[in-house]
Amino acid sequence: MKYSKDEVIQYIHEEDVKFIRLSFCDVFGRQKNISIMPQELERAFSYGIAFDASAIAGFGDESRSDLLLHPDAETLAPLPWRPEHGRVVRMFAGITYPDGRPFECDTRSLLKKAISEAKAEGHSFSFGAEQEFYLFRLDADGHPTKLPYDNAGYMDIAPDDRGENIRREICLTLEQMGIQPESSHHEEGPGQNEIDFRYSDALTAADNAMTFQTIVKTVARRNGLFADFTPKPLEDKPGNGFHINVSVRSDDGSDKLPHVIAGMLDKICDMTAFLNPTENSYARLGRSKAPAYVSWSSENRSQLIRIPAAFGEYRRAELRSPDPMANPYLAFALIIWAGIHGIKNRLELPASENLNLYKTTLEALSKYRRLPQNLGAACVLASQSEFVCAHIPPSILDIYLGR
């Protein structure tokens with residue numbers, strides 16, 4: 001349910017809400033929040049809530065430290081793990097300067113801009129997220145270890161799959177927050193799990209991806225475990241992917257998905273620094289079903305982009321290279337812009353590739369473009385990309401590419 005400002009104020013009063021979290025994230029997608037009391041809500045809606053941005057990497061320094069948070073009423077959701085009496089709710093917030101100018105490092109606003117530009121061109125994008133994570137044990141002091149919670153394999157069941165009840169609790173918590181999970185299962189790695197979402201509009205999908213990681217970490221900790229979303233937590237086991245499913249509807253009713261896929265293939269190397277933003281990201285690519293080459297296919301999971309077996313409204317393209325360290329707002333915005341690039345230039349799809357790229361010869365692989373093999377190479381490609389520089393503000397580029 002999407003609320004209006006007046007409905008939020010009524011909800012706060014009727015549901016005994018005592019704390020309101022205004023949530024946002026830094027440029028890398030690390031979630032932050034400020035809690036306010038109900039009596040401050042009118043001020044938050046009218047003027048915004050000030051915070052010290054100098055303490056957040058990339059948001060400013062002591063000479064220009066004040067920014068304002070403006071709650072988005074439509075994103076109101078209760079936090080089910082907090083007390084029922086004196087409840088806690090959350091709203092995502094936009095960020096501005098004190099004079100009202102949008103803050104250029106607010107990546108949620110950047111995604112809104114991409115959505116608006118797509119709409120102006122007559123296109124509406126939808127996204128579905130699939131994020132993988134490991135469950136590890138804690139040591140006697142409550143610190144994370146690298147000991148998996150179980151040794152089960154792909155889609156195993158209890159008692160081998162010990163994460164079954166954890167996933168159930170996560171899914172029920174998501175539902176209580178108005179987020180609809182589609183499916184869940186044990187993944188290939190020991191202690192590795194996956195929960196998938198039904199598709200939704202780009203902004204909602206990105207908000208849900210942010211919320212998902214918070215819920216998983218919270219539920220895991222309540223059960224004495226640590227949820228690890230890093231791309232390659234165990235060197236010799238499958239990595240964690242953030243598979244992004246993309247579909248598009250156009251006002252003229254024509255099928256633009258082939259052009260969108262072509263645009264993504266054309267710009268994927270330019271975008272990789274934002275889809276795979278850590279050194280650890282590149283230990284995953286090219287191993288255990290994580291792609292390394294620029295190619296596409298129907299259903300084949302060894303390819304960068306695959307078209308899953310689905311029809312009608314469920315027809316989509318799955319981009320398999322991103323990992324859960326990606327900021328979903330940046331990732332979805334760049335995918336939208338790449339899709340618009342493909343549509344406007346009527347880019348044609350190259351021939352599909354149905355061979356298994358993990359088992360073919362080096363000679364056969366030599367004809368494919370390869371994704372960047374380390375973060376440094378990815379940053380160089382992004383810094384030289386007219387496409388990236390045209391869409392990502394210089395302040396964000398400096399933070400990502402100046403590392």
Answer whether the closest heavy-atom distance between the side chains of Asp106 and Phe24 falls below 4.5 Å. no
With respect to Leu68, which candidate in Asp99, Ile95, Thr96, Ile49 satisfies the side-chain contact (heavy atoms from CB on, under 4.5 Å) definition? Thr96
Is it true that Arg167 and Glu194 make a salt bridge, defined as a side-chain N closer than 4.0 Å to a carboxylate O? no
Is there a donor-acceptor contact under 3.5 Å from the side chain of Asn193 to the main chain of Glu187? no
Among residues at least two apart in sequence or on other chains, which ones pass side chain to side chain contact (heavy atoms under 4.5 Å, CB included) with Val88? Phe19, Arg21, Leu79, Arg82
Assess, by modelled atom type and distance only, whether the side chains of Gln10 and Glu14 contain a donor and an acceptor separated by less than 3.5 Å. yes
Is there a donor-acceptor pair closer than 3.5 Å between any side-chain N or O of Asn240 and the backbone N or O of Lys232? no
With side chains defined as the heavy atoms from C-beta onward, is the minimum distance between Trp296 and Pro350 less than 4.5 Å? yes
Residues which pass salt bridge (charged side-chain N to carboxylate O under 4.0 Å, His left out) with Asp207, listed by chain and number, not counting sequence neighbours: Arg108
Residues at least two apart in sequence or cross-chain that pass side chain to side chain contact (heavy atoms under 4.5 Å, CB included) with Asp6, listed by chain then number, are Ser4
Side-chain donor-acceptor pair present, Asp252, Ser250, cut-off under 3.5 Å: no
Who passes ring pair (Phe, Tyr, Trp, His ring centres under 6.0 Å) against Phe133, sequence neighbours left out? Phe229
Side-chain donor/acceptor of Asp141 to backbone N/O of His143, under 3.5 Å: no
For Met155, does its backbone N or O pair with a side-chain atom of Glu188 as donor and acceptor, under 3.5 Å? no
State whether the side chain of Asp156 and the backbone N or O of Gly153 hold a donor-acceptor pair below 3.5 Å, judged by distance alone. yes
Kindly write out the residues that satisfy ring pair (Phe, Tyr, Trp, His ring centres under 6.0 Å) with His185, not counting sequence neighbours, or none if the list is empty. Tyr154
Within 45 degrees of the ring normal and closer than 6.0 Å to the centroid, is that where the cationic atom of Arg43 sits relative to Tyr47? no
Would you say the side chain of Phe242 lies within less than 4.5 Å of the side chain of Pro324, judging by non-hydrogen atoms? yes
Considering residues at least two apart in sequence or located in another chain, which fulfil the ring pair (Phe, Tyr, Trp, His ring centres under 6.0 Å) criterion with Phe226? none
Please check this pair: side chain of Ser46 against backbone of Glu42, looking for a donor-acceptor N/O pair closer than 3.5 Å. yes
A quick test of your reading: do over 12 heavy atoms of other residues, nucleotides or ligands sit less than 6.0 Å from CZ of Arg369? yes
Do the non-hydrogen side-chain atoms of Cys269 and Pro372 ever get within less than 4.5 Å of each other? yes
Can you find a heavy atom in the side chain of Met91 that is under 4.5 Å from one in the side chain of Asp72? no
Under the side chain to side chain contact (heavy atoms under 4.5 Å, CB included) rule, collect the residues that match up with His243, sequence neighbours excluded. Glu130, Glu132, Arg284, Glu318, Arg320
Does a donor on one side chain and an acceptor on the other come within less than 3.5 Å for Ser281 and Asp323? yes
Taking the side chain from Asn245 and the backbone from Arg316, do they hold a donor-acceptor pair closer than 3.5 Å? no
Just checking Lys237: does its NZ atom have more than 12 heavy atoms from other residues, nucleotides or ligands closer to it than 6.0 angstrom? no
Considering only residues two or more places apart or on different chains, which pairs with a residue in residues 264-288 satisfy ring pair (Phe, Tyr, Trp, His ring centres under 6.0 Å)? Phe274-Tyr400
Looking at side-chain heavy atoms only, is the closest gap between Gln131 and Gln213 below 4.5 Å? yes
Distance col, row Leu41:CG vs Phe45:CZ, nearest 0.5 angstrom, shows 4.5 Å
Please, which pairs that meet ring pair (Phe, Tyr, Trp, His ring centres under 6.0 Å) have at least one residue in residues 326-348, sequence neighbours excluded? Phe127-Phe332, Trp337-His391
Run the ring-centre check on Phe103 versus Tyr97 and record whether the distance is less than 6.0 Å. yes
Return yes if a side-chain donor-acceptor contact under 3.5 Å exists between Thr211 and Arg90, otherwise no. yes
Residues Arg137, Asp139: salt bridge by 4.0 Å N-O rule: no
Any side-chain to backbone donor/acceptor pair from His186 onto Asp161? Under 3.5 Å, distance only. no
Cut-off 3.5 Å, no hydrogens considered: what does the side-chain donor-acceptor table look like for residues 169-176, sequence neighbours left out?
{"residue": "Glu169", "atom": "OE1", "partner": "Asn223", "partner atom": "ND2", "Å": "3.2"}
{"residue": "Thr173", "atom": "OG1", "partner": "Glu169", "partner atom": "O", "Å": "2.7"}

Please check if the number of heavy atoms outside Lys146 that lie under 6.0 Å from its NZ is greater than 12. yes
Do Leu67 and Phe59 come close enough that some side-chain heavy atom pair is under 4.5 Å? yes
Those residues that, when tested against Arg87, pass side chain to side chain contact (heavy atoms under 4.5 Å, CB included) (two or more places apart): Tyr11, Glu15, Val17, Pro78
Heavy-atom check, side chain of Ile56 versus side chain of Cys105, under 4.5 Å: no
If only atom types and distance count, is the side chain of Asp150 paired as donor or acceptor with the main-chain N or O of Arg162 below 3.5 Å? yes
Mind checking the CG-CG spacing from Leu330 to Leu111? Nearest 0.5 Å is all I need. 9.0 Å
Applying salt bridge (charged side-chain N to carboxylate O under 4.0 Å, His left out), name anything that partners Asp160, two or more places apart in sequence or on another chain. none
Which distance, rounded to the nearest 0.5 Å, do you find between the CE of Met210 and the OG1 of Thr107? 7.5 Å
Short side-chain to backbone donor-acceptor contact, Asp16 and Gly86, under 3.5 Å: yes
